[in-house]
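Below is one structure, written out as C-alpha coordinates; comments come after it.
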Amino acid sequence: MIEWPPEKIKDFQTTLLNWYDDAGRDLPWRQDHEPYHVWVSEIMLQQTQVQTVIPYYQRFMKWFPTVTALAQAPEERLLKAWEGLGYYSRVRNMQRCARQLLADYDGQWPQTAAELSDLIGIGPYTAGAIASIAFNEPVPAVDGNAYRVFSRLLEIDADITKPGTREIFEDVISQLISKERPGDFNQAIMDLGASYMTARQPDTAHSPVKRFNQAYLDGKELDYPVRTKKPRPQPIDYVAVVTKMGPDWLMAQRSSKGMLANLWTVPLIKLSDLDLAEDYTVNELITATVAYFKRDYQLDLTAEALAVRPVTHTFTHQKWTIQLLTGQVVPADLAFFAGKTVSATALAQLPMPKVQTKIWDRYHSSQG
DNA sequence: TATTCGTGGAA
DNA sequence: TTTCCAAGAAT
(Lines give C-alpha, C1' and ligand atoms only; values in the text may rest on other atoms or scores of the structure.)
Protein backbone atom coordinates (compact mmCIF):
# COMPACT_ATOMS: atom_id res chain seq x y z
CA MET A 1 0.00 0.00 0.00
CA ILE A 2 2.67 2.48 1.08
CA GLU A 3 5.47 3.06 -1.39
CA TRP A 4 7.87 4.31 1.23
CA PRO A 5 10.86 2.02 1.85
CA PRO A 6 11.58 1.06 5.47
CA GLU A 7 14.44 3.53 5.80
CA LYS A 8 12.20 6.40 4.71
CA ILE A 9 9.56 5.37 7.22
CA LYS A 10 12.20 5.30 9.96
CA ASP A 11 13.47 8.70 8.84
CA PHE A 12 9.93 10.11 9.00
CA GLN A 13 9.34 8.73 12.49
CA THR A 14 12.63 10.10 13.80
CA THR A 15 12.12 13.49 12.22
CA LEU A 16 8.57 13.77 13.53
CA LEU A 17 9.36 12.61 17.06
CA ASN A 18 12.45 14.79 17.36
CA TRP A 19 10.33 17.76 16.39
CA TYR A 20 7.65 16.74 18.87
CA ASP A 21 10.22 16.40 21.68
CA ASP A 22 11.42 19.88 20.90
CA ALA A 23 8.22 21.71 19.98
CA GLY A 24 5.27 19.61 21.16
CA ARG A 25 2.66 21.60 23.02
CA ASP A 26 2.59 21.57 26.81
CA LEU A 27 -1.09 20.94 27.46
CA PRO A 28 -2.89 20.30 30.77
CA TRP A 29 -3.81 16.72 29.81
CA ARG A 30 -0.24 15.93 28.82
CA GLN A 31 1.10 16.15 32.37
CA ASP A 32 0.72 12.40 32.69
CA HIS A 33 -0.75 9.46 30.77
CA GLU A 34 -3.57 8.61 33.13
CA PRO A 35 -6.29 7.01 31.01
CA TYR A 36 -8.93 9.11 32.77
CA HIS A 37 -7.12 12.29 31.82
CA VAL A 38 -6.53 11.13 28.27
CA TRP A 39 -10.15 10.07 27.92
CA VAL A 40 -11.69 13.31 29.23
CA SER A 41 -9.46 15.42 27.02
CA GLU A 42 -10.13 13.34 23.94
CA ILE A 43 -13.90 13.52 24.37
CA MET A 44 -13.76 17.27 24.88
CA LEU A 45 -11.52 17.70 21.86
CA GLN A 46 -13.97 16.00 19.50
CA GLN A 47 -14.88 18.65 16.94
CA THR A 48 -13.57 21.28 19.35
CA GLN A 49 -10.40 23.33 19.30
CA VAL A 50 -7.66 23.04 21.92
CA GLN A 51 -7.93 26.68 22.96
CA THR A 52 -11.61 26.22 23.76
CA VAL A 53 -11.09 22.99 25.67
CA ILE A 54 -8.34 24.02 28.11
CA PRO A 55 -10.47 25.89 30.69
CA TYR A 56 -13.25 23.31 30.44
CA TYR A 57 -10.75 20.50 31.06
CA GLN A 58 -9.27 22.18 34.12
CA ARG A 59 -12.65 22.84 35.69
CA PHE A 60 -13.87 19.34 34.84
CA MET A 61 -10.93 17.79 36.68
CA LYS A 62 -11.71 19.88 39.77
CA TRP A 63 -15.36 18.92 39.73
CA PHE A 64 -14.90 15.28 38.72
CA PRO A 65 -11.35 14.16 39.60
CA THR A 66 -11.99 10.44 39.16
CA VAL A 67 -14.13 8.00 37.21
CA THR A 68 -16.10 7.37 40.39
CA ALA A 69 -16.80 11.05 40.95
CA LEU A 70 -18.02 11.33 37.38
CA ALA A 71 -20.20 8.24 37.69
CA GLN A 72 -21.91 9.65 40.80
CA ALA A 73 -22.44 13.23 39.61
CA PRO A 74 -25.95 14.67 39.14
CA GLU A 75 -26.73 15.17 35.48
CA GLU A 76 -27.40 18.87 35.99
CA ARG A 77 -23.85 19.26 37.26
CA LEU A 78 -22.49 17.31 34.29
CA LEU A 79 -24.31 19.46 31.78
CA LYS A 80 -23.20 22.59 33.64
CA ALA A 81 -19.61 21.44 33.27
CA TRP A 82 -20.23 21.05 29.54
CA GLU A 83 -22.29 24.23 29.08
CA GLY A 84 -21.04 26.05 25.99
CA LEU A 85 -18.98 23.15 24.62
CA GLY A 86 -21.77 21.75 22.46
CA TYR A 87 -22.55 18.19 21.42
CA TYR A 88 -23.94 17.61 24.88
CA SER A 89 -24.49 13.89 24.41
CA ARG A 90 -20.73 13.59 24.78
CA VAL A 91 -20.85 14.26 28.51
CA ARG A 92 -23.96 12.21 29.12
CA ASN A 93 -22.26 9.32 27.32
CA MET A 94 -19.17 9.88 29.46
CA GLN A 95 -21.17 9.25 32.59
CA ARG A 96 -22.68 6.13 31.05
CA CYS A 97 -19.16 5.00 30.20
CA ALA A 98 -17.93 5.72 33.74
CA ARG A 99 -20.74 3.61 35.16
CA GLN A 100 -20.01 0.93 32.58
CA LEU A 101 -16.37 0.85 33.71
CA LEU A 102 -17.32 0.49 37.37
CA ALA A 103 -20.02 -2.11 36.76
CA ASP A 104 -18.51 -4.27 34.04
CA TYR A 105 -14.74 -3.68 34.25
CA ASP A 106 -14.21 -3.46 38.03
CA GLY A 107 -13.15 0.14 37.47
CA GLN A 108 -10.14 -0.92 35.40
CA TRP A 109 -9.68 0.50 31.92
CA PRO A 110 -9.28 -2.05 29.14
CA GLN A 111 -5.92 -1.44 27.47
CA THR A 112 -6.49 -2.10 23.77
CA ALA A 113 -8.30 -0.07 21.15
CA ALA A 114 -10.47 -3.07 20.29
CA GLU A 115 -11.76 -3.36 23.86
CA LEU A 116 -11.99 0.39 24.42
CA SER A 117 -14.29 0.60 21.41
CA ASP A 118 -16.88 -1.38 23.34
CA LEU A 119 -17.27 1.49 25.80
CA ILE A 120 -20.08 4.01 25.32
CA GLY A 121 -19.01 7.17 23.55
CA ILE A 122 -15.62 5.77 22.51
CA GLY A 123 -15.43 5.42 18.76
CA PRO A 124 -12.54 4.44 16.50
CA TYR A 125 -10.59 7.66 16.94
CA THR A 126 -10.88 7.94 20.72
CA ALA A 127 -10.14 4.24 21.19
CA GLY A 128 -6.93 4.64 19.20
CA ALA A 129 -5.96 7.79 21.06
CA ILE A 130 -6.43 6.29 24.53
CA ALA A 131 -4.81 2.97 23.60
CA SER A 132 -1.75 4.62 22.09
CA ILE A 133 -1.27 7.48 24.55
CA ALA A 134 -2.21 5.77 27.81
CA PHE A 135 -1.26 2.17 27.04
CA ASN A 136 1.38 2.42 24.32
CA GLU A 137 -0.49 0.30 21.80
CA PRO A 138 0.76 0.99 18.25
CA VAL A 139 -2.62 1.83 16.71
CA PRO A 140 -3.65 4.84 14.62
CA ALA A 141 -5.87 7.64 15.93
CA VAL A 142 -7.51 9.06 12.84
CA ASP A 143 -8.89 12.53 13.50
CA GLY A 144 -9.17 15.60 11.34
CA ASN A 145 -5.48 16.32 11.82
CA ALA A 146 -4.48 12.85 10.63
CA TYR A 147 -6.74 13.22 7.59
CA ARG A 148 -5.16 16.53 6.73
CA VAL A 149 -1.56 15.52 7.35
CA PHE A 150 -1.55 12.12 5.66
CA SER A 151 -3.78 13.08 2.74
CA ARG A 152 -1.16 15.69 1.91
CA LEU A 153 1.93 13.59 2.61
CA LEU A 154 0.66 10.76 0.42
CA GLU A 155 -1.76 12.58 -1.88
CA ILE A 156 -4.66 10.41 -0.75
CA ASP A 157 -7.74 11.67 -2.54
CA ALA A 158 -10.44 9.58 -0.88
CA ASP A 159 -13.32 11.73 0.39
CA ILE A 160 -12.77 12.06 4.14
CA THR A 161 -16.45 12.73 4.79
CA LYS A 162 -17.27 9.16 3.74
CA PRO A 163 -17.32 6.69 6.63
CA GLY A 164 -15.36 4.03 4.73
CA THR A 165 -12.41 6.34 4.12
CA ARG A 166 -11.18 6.08 7.69
CA GLU A 167 -9.98 2.53 7.06
CA ILE A 168 -7.75 3.68 4.21
CA PHE A 169 -6.00 6.08 6.55
CA GLU A 170 -5.85 3.51 9.35
CA ASP A 171 -4.08 1.08 7.04
CA VAL A 172 -1.56 3.69 5.95
CA ILE A 173 -0.87 5.03 9.43
CA SER A 174 -0.48 1.51 10.81
CA GLN A 175 2.51 1.15 8.51
CA LEU A 176 4.03 4.50 9.45
CA ILE A 177 3.42 4.65 13.20
CA SER A 178 6.31 4.30 15.60
CA LYS A 179 6.07 0.99 17.42
CA GLU A 180 8.22 2.40 20.23
CA ARG A 181 6.32 5.65 20.79
CA PRO A 182 2.87 5.33 19.22
CA GLY A 183 1.22 7.80 21.58
CA ASP A 184 3.79 10.47 20.91
CA PHE A 185 3.58 9.71 17.19
CA ASN A 186 -0.18 10.27 17.15
CA GLN A 187 0.06 13.41 19.25
CA ALA A 188 2.86 14.75 17.07
CA ILE A 189 0.59 14.37 14.05
CA MET A 190 -2.07 16.37 15.88
CA ASP A 191 0.39 19.13 16.77
CA LEU A 192 1.64 19.18 13.21
CA GLY A 193 -1.91 19.44 11.91
CA ALA A 194 -2.60 22.33 14.28
CA SER A 195 0.54 24.28 13.39
CA TYR A 196 2.35 23.86 10.07
CA MET A 197 -0.36 21.83 8.35
CA THR A 198 -3.55 23.72 9.02
CA ALA A 199 -6.49 23.61 6.65
CA ARG A 200 -6.50 27.13 5.25
CA GLN A 201 -3.05 28.62 5.62
CA PRO A 202 -0.49 25.87 5.98
CA ASP A 203 3.13 26.86 6.52
CA THR A 204 4.73 23.83 5.02
CA ALA A 205 7.81 25.74 3.99
CA HIS A 206 8.86 25.63 7.64
CA SER A 207 7.34 22.26 8.49
CA PRO A 208 9.71 19.67 9.94
CA VAL A 209 8.33 17.05 7.55
CA LYS A 210 8.04 19.14 4.41
CA ARG A 211 10.36 16.84 2.48
CA PHE A 212 7.89 14.00 3.07
CA ASN A 213 4.94 16.09 1.91
CA GLN A 214 4.24 15.04 -1.68
CA ALA A 215 1.32 17.42 -2.15
CA TYR A 216 3.51 20.33 -1.08
CA LEU A 217 6.33 19.22 -3.34
CA ASP A 218 3.81 19.09 -6.18
CA GLY A 219 2.33 22.47 -5.28
CA LYS A 220 -1.07 20.87 -4.64
CA GLU A 221 -1.24 21.10 -0.88
CA LEU A 222 -4.53 22.97 -0.76
CA ASP A 223 -6.19 20.25 -2.84
CA TYR A 224 -6.07 18.03 0.25
CA PRO A 225 -7.88 16.64 2.06
CA VAL A 226 -10.77 15.95 -0.31
CA ARG A 227 -14.16 16.44 1.31
CA THR A 228 -17.68 17.02 0.05
CA LYS A 229 -19.30 20.09 1.47
CA LYS A 230 -22.20 19.99 3.86
CA PRO A 231 -25.72 21.18 3.08
CA ARG A 232 -26.92 24.52 4.32
CA PRO A 233 -28.60 24.79 7.72
CA GLN A 234 -32.35 24.49 7.43
CA PRO A 235 -34.18 27.64 8.61
CA ILE A 236 -36.69 27.17 11.44
CA ASP A 237 -38.78 29.88 13.07
CA TYR A 238 -39.53 29.92 16.79
CA VAL A 239 -41.25 32.10 19.32
CA ALA A 240 -39.63 32.38 22.76
CA VAL A 241 -41.78 33.30 25.72
CA VAL A 242 -39.76 35.09 28.39
CA THR A 243 -42.16 35.02 31.28
CA LYS A 244 -42.54 34.75 35.01
CA MET A 245 -45.03 32.76 36.98
CA GLY A 246 -45.45 34.70 40.20
CA PRO A 247 -41.96 35.80 41.29
CA ASP A 248 -40.05 33.11 39.38
CA TRP A 249 -39.01 32.53 35.81
CA LEU A 250 -40.79 29.87 33.81
CA MET A 251 -38.15 27.56 32.37
CA ALA A 252 -38.59 24.57 30.07
CA GLN A 253 -36.41 21.48 30.00
CA ARG A 254 -35.79 20.05 26.58
CA SER A 255 -36.49 16.45 25.73
CA SER A 256 -33.98 13.79 26.74
CA LYS A 257 -33.55 13.02 23.05
CA GLY A 258 -32.48 15.16 20.14
CA MET A 259 -30.86 18.57 20.11
CA LEU A 260 -29.77 20.18 23.37
CA ALA A 261 -31.17 17.19 25.27
CA ASN A 262 -32.13 17.94 28.89
CA LEU A 263 -30.88 21.52 28.72
CA TRP A 264 -33.01 24.44 29.90
CA THR A 265 -34.49 27.32 27.92
CA VAL A 266 -37.45 29.62 28.19
CA PRO A 267 -40.47 28.03 26.50
CA LEU A 268 -39.69 27.75 22.80
CA ILE A 269 -42.42 26.98 20.31
CA LYS A 270 -41.95 26.27 16.62
CA LEU A 271 -44.02 28.63 14.57
CA SER A 272 -45.11 25.67 12.48
CA ASP A 273 -46.76 24.26 15.62
CA LEU A 274 -48.87 27.38 15.99
CA ASP A 275 -52.14 28.05 14.24
CA LEU A 276 -50.90 30.87 12.03
CA ALA A 277 -51.38 32.04 8.47
CA GLU A 278 -48.31 32.82 6.38
CA ASP A 279 -48.70 36.57 6.68
CA TYR A 280 -49.52 36.72 10.37
CA THR A 281 -49.47 39.90 12.42
CA VAL A 282 -47.80 40.37 15.79
CA ASN A 283 -51.18 40.28 17.48
CA GLU A 284 -51.99 37.01 15.76
CA LEU A 285 -48.68 35.59 16.91
CA ILE A 286 -49.51 36.56 20.50
CA THR A 287 -53.00 35.10 20.25
CA ALA A 288 -51.72 31.84 18.80
CA THR A 289 -49.02 31.55 21.48
CA VAL A 290 -51.49 32.19 24.27
CA ALA A 291 -53.77 29.54 22.78
CA TYR A 292 -50.87 27.11 22.60
CA PHE A 293 -50.02 27.70 26.27
CA LYS A 294 -53.62 27.05 27.20
CA ARG A 295 -54.06 23.98 25.03
CA ASP A 296 -50.68 22.22 25.51
CA TYR A 297 -49.56 23.42 28.93
CA GLN A 298 -52.92 24.30 30.50
CA LEU A 299 -51.40 27.61 31.51
CA ASP A 300 -52.96 31.06 31.30
CA LEU A 301 -50.53 33.40 29.62
CA THR A 302 -50.84 37.10 29.05
CA ALA A 303 -48.21 38.14 26.55
CA GLU A 304 -46.93 41.08 24.60
CA ALA A 305 -44.32 41.46 21.92
CA LEU A 306 -40.83 42.64 22.75
CA ALA A 307 -39.62 45.52 20.63
CA VAL A 308 -36.36 43.83 19.73
CA ARG A 309 -35.19 42.14 16.60
CA PRO A 310 -35.34 38.34 16.55
CA VAL A 311 -32.55 36.21 17.96
CA THR A 312 -30.80 34.10 15.36
CA HIS A 313 -28.67 31.08 16.13
CA THR A 314 -27.07 28.70 13.67
CA PHE A 315 -26.40 25.06 14.52
CA THR A 316 -24.62 22.61 12.28
CA HIS A 317 -27.73 21.94 10.23
CA GLN A 318 -30.44 24.27 11.57
CA LYS A 319 -30.73 28.03 11.60
CA TRP A 320 -33.17 29.27 14.21
CA THR A 321 -34.88 32.65 14.02
CA ILE A 322 -36.57 33.37 17.33
CA GLN A 323 -39.11 36.09 18.02
CA LEU A 324 -39.44 37.18 21.61
CA LEU A 325 -42.59 37.58 23.63
CA THR A 326 -42.81 38.47 27.28
CA GLY A 327 -45.59 38.32 29.81
CA GLN A 328 -46.99 36.64 32.87
CA VAL A 329 -48.39 33.21 33.58
CA VAL A 330 -51.08 32.77 36.19
CA PRO A 331 -49.63 30.52 38.94
CA ALA A 332 -50.91 27.00 38.38
CA ASP A 333 -50.03 23.31 38.37
CA LEU A 334 -47.20 22.52 35.94
CA ALA A 335 -48.22 18.91 35.37
CA PHE A 336 -48.60 19.47 31.63
CA PHE A 337 -45.49 21.58 31.24
CA ALA A 338 -42.02 20.05 30.86
CA GLY A 339 -40.23 22.45 33.14
CA LYS A 340 -40.39 24.39 36.38
CA THR A 341 -40.30 27.83 37.92
CA VAL A 342 -36.89 29.10 38.95
CA SER A 343 -35.83 31.99 41.14
CA ALA A 344 -33.41 34.50 39.70
CA THR A 345 -30.75 33.13 42.04
CA ALA A 346 -31.28 29.49 41.09
CA LEU A 347 -31.27 30.30 37.40
CA ALA A 348 -27.48 30.21 37.27
CA GLN A 349 -27.44 26.55 38.29
CA LEU A 350 -29.41 25.42 35.24
CA PRO A 351 -27.40 24.21 32.25
CA MET A 352 -28.43 26.33 29.28
CA PRO A 353 -27.35 26.31 25.64
CA LYS A 354 -25.79 29.22 23.86
CA VAL A 355 -29.03 30.11 22.14
CA GLN A 356 -30.65 30.73 25.54
CA THR A 357 -27.83 33.12 26.45
CA LYS A 358 -28.65 35.06 23.31
CA ILE A 359 -32.31 35.16 24.29
CA TRP A 360 -31.44 36.58 27.73
CA ASP A 361 -29.16 39.16 26.18
CA ARG A 362 -31.80 40.29 23.75
CA TYR A 363 -34.46 40.35 26.47
CA HIS A 364 -32.31 42.45 28.81
CA SER A 365 -31.48 44.86 26.02
CA SER A 366 -35.21 45.55 25.69
CA GLN A 367 -35.63 46.14 29.42
CA GLY A 368 -33.16 49.01 29.46
C1' DT B 1 -24.38 4.80 4.35
C1' DA B 2 -26.39 9.23 5.56
C1' DT B 3 -28.01 12.05 9.10
C1' DT B 4 -27.95 14.09 13.55
C1' DC B 5 -25.89 15.85 17.09
C1' DG B 6 -23.05 22.80 19.19
C1' DT B 7 -20.04 26.23 19.40
C1' DG B 8 -16.23 29.58 18.48
C1' DG B 9 -12.90 31.47 15.44
C1' DA B 10 -11.13 32.92 11.03
C1' DA B 11 -11.56 34.93 6.52
C1' DT C 1 -23.18 38.04 6.75
C1' DT C 2 -21.86 33.70 5.14
C1' DT C 3 -18.94 29.86 4.94
C1' DC C 4 -15.76 26.66 6.46
C1' DC C 5 -13.36 24.24 9.80
C1' DA C 6 -11.95 22.22 14.53
C1' DA C 7 -8.43 15.84 18.66
C1' DG C 8 -16.05 12.29 16.09
C1' DA C 9 -19.77 9.11 17.71
C1' DA C 10 -24.39 7.36 17.65
C1' DT C 11 -28.11 5.98 15.10
Side-chain angles (χ1 to χ4, degrees), chain A residues 24-25 27-30 37-57 79 82-94 96-97 116-130 132-133 140-149 159-167 169-170 183 185-195 197-202 222 225 227-236 254-263 265 312-321 351-358:
Chain A
R25 289 173 291 182
L27 299 168
W29 46 89
R30 288 183 177 172
H37 297 163
V38 177
W39 173 55
V40 172
S41 66
E42 292 301 341
I43 301 295
M44 284 188 172
L45 286 160
Q46 289 169 10
Q47 303 292 285
T48 311
Q49 300 195 55
V50 166
Q51 179 182 331
T52 302
V53 164
I54 289 175
Y56 282 92
Y57 175 84
L79 291 171
W82 215 260
E83 186 181 73
L85 262 187
Y87 291 146
Y88 297 93
S89 66
R90 287 185 291 177
V91 74
R92 301 198 300 139
N93 284 340
M94 280 178 80
R96 294 174 64 197
C97 179
L116 286 162
S117 297
D118 292 334
L119 295 169
I120 293 164
I122 297 184
Y125 163 74
T126 305
I130 298 173
S132 62
I133 297 169
V142 186
D143 67 345
N145 290 302
Y147 280 131
R148 198 162 53 253
V149 169
D159 184 343
I160 66 167
T161 66
K162 302 245 183 257
T165 299
R166 197 191 65 252
E167 291 184 24
F169 284 78
E170 285 176 344
F185 180 96
N186 284 333
Q187 292 183 95
I189 295 300
M190 299 175 202
D191 283 17
L192 197 56
S195 56
M197 297 186 66
T198 56
R200 296 164 185 272
Q201 293 188 327
L222 293 180
R227 72 164 82 222
T228 56
K229 50 184 175 184
K230 297 166 187 170
R232 279 191 169 186
Q234 173 196 353
I236 305 180
R254 294 182 59 81
S255 156
S256 62
K257 296 178 179 177
M259 283 180 72
L260 310 176
N262 290 357
L263 292 169
T265 67
T312 62
H313 187 77
T314 305
F315 301 93
T316 306
H317 57 285
Q318 290 181 9
K319 178 175 181 176
W320 290 7
T321 301
M352 290 178 274
K354 176 66 178 173
V355 64
Q356 178 57 48
T357 304
K358 290 186 181 178

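Here is how names work: the chains are called A, B, and so on, in the same order as the sequence lines, proteins then strands, and each is numbered from 1.
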_Distance check needed: dG8(C) P versus I160(A) CD1, whole Å only._
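The distance from CD1 of I160(A) to P of dG8(C) comes to 10 Å, rounded to the nearest Å.
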*Which whole-number value in Å describes the distance from Y57(A) OH to dA7(C) C1'?*
14 Å
Considering only [options], which nucleotide approaches the side chain of [X] most closely?
X       : options                 : value
D143(A) : dT2(C), dG8(C), dT7(B)  : dG8(C)
Q49(A)  : dA7(C), dG8(B), dG8(C)  : dG8(B)
R200(A) : dC4(C), dG8(B), dA9(C)  : dC4(C)
T126(A) : dG8(C), dA2(B), dA7(C)  : dG8(C)
R227(A) : dA7(C), dC5(C), dA9(C)  : dC5(C)
Q46(A)  : dG8(C), dA10(C), dA7(C) : dG8(C)
K354(A) : dT7(B), dC4(C), dC5(C)  : dT7(B)

*Ignoring hydrogens and angles, answer whether the base of dG6(B) and the side-chain atoms of T48(A) contain a donor-acceptor pair closer than 3.5 Å.*
yes
*Short side-chain N/O contact to dC4(C) OP1/OP2 from R232(A), under 4.0 Å*: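 Answer is no, no contact under 4.0 Å.
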*Reckon R90(A) has a side-chain N or O less than 4.0 Å from the OP1 or OP2 of dG8(C)?*
no
Sugar-phosphate only, base, or nothing, as touched by [X] at under 4.0 Å among non-hydrogen atoms:
X       : result
V50(A)  : base
T314(A) : base
Q201(A) : sugar-phosphate
L27(A)  : base
R92(A)  : nothing
I122(A) : sugar-phosphate
W320(A) : nothing
A199(A) : sugar-phosphate
R30(A)  : base

_Contacts of Q47(A) that satisfy side-chain hydrogen bond (donor to acceptor under 3.5 Å, both in side chains) - sequence neighbours left out_ =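 Q47(A) satisfies side-chain hydrogen bond (donor to acceptor under 3.5 Å, both in side chains) with no other residue.
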*Taking only residues two or more places apart in sequence, or in another chain, which ones meet D143(A) in a side-chain hydrogen bond (donor to acceptor under 3.5 Å, both in side chains)?*
N145(A)
Any luck finding a side-chain donor-acceptor pair between [X] and [Y] under 3.5 Å?
X       : Y       : answer
N93(A)  : R96(A)  : yes
R30(A)  : Q187(A) : yes
Y125(A) : Q46(A)  : no

*First of R148(A) and A127(A) reached from the 5' end of DNA chain C, by closest nucleotide*: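 It is R148(A) whose nearest nucleotide is closer to the 5' end.
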*Is the ring centre of H313(A) less than 6.0 Å from the ring centre of F315(A)?*
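Yes, the ring of H313(A) comes within the 6.0 Å limit of the ring of F315(A), centre to centre.
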Which atoms of nucleotides 3-5 of chain B (N or O only) lie under 3.5 Å from a protein N or O atom, and what are those distances?
| from | atom 1 | to | atom 2 | distance (Å) |
| --- | --- | --- | --- | --- |
| dC5(B) | OP1 | M259(A) | N | 3.3 |

*Heavy-atom count around R92(A) CZ within 6.0 Å, excluding the residue itself: above 12?*
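Correct, the count exceeds 12.
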*In Å, rounded to the nearest 0.5 Å, how long is the span from CH2 of W39(A) to OG1 of T126(A)?*
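Those atoms lie 10.5 Å apart.
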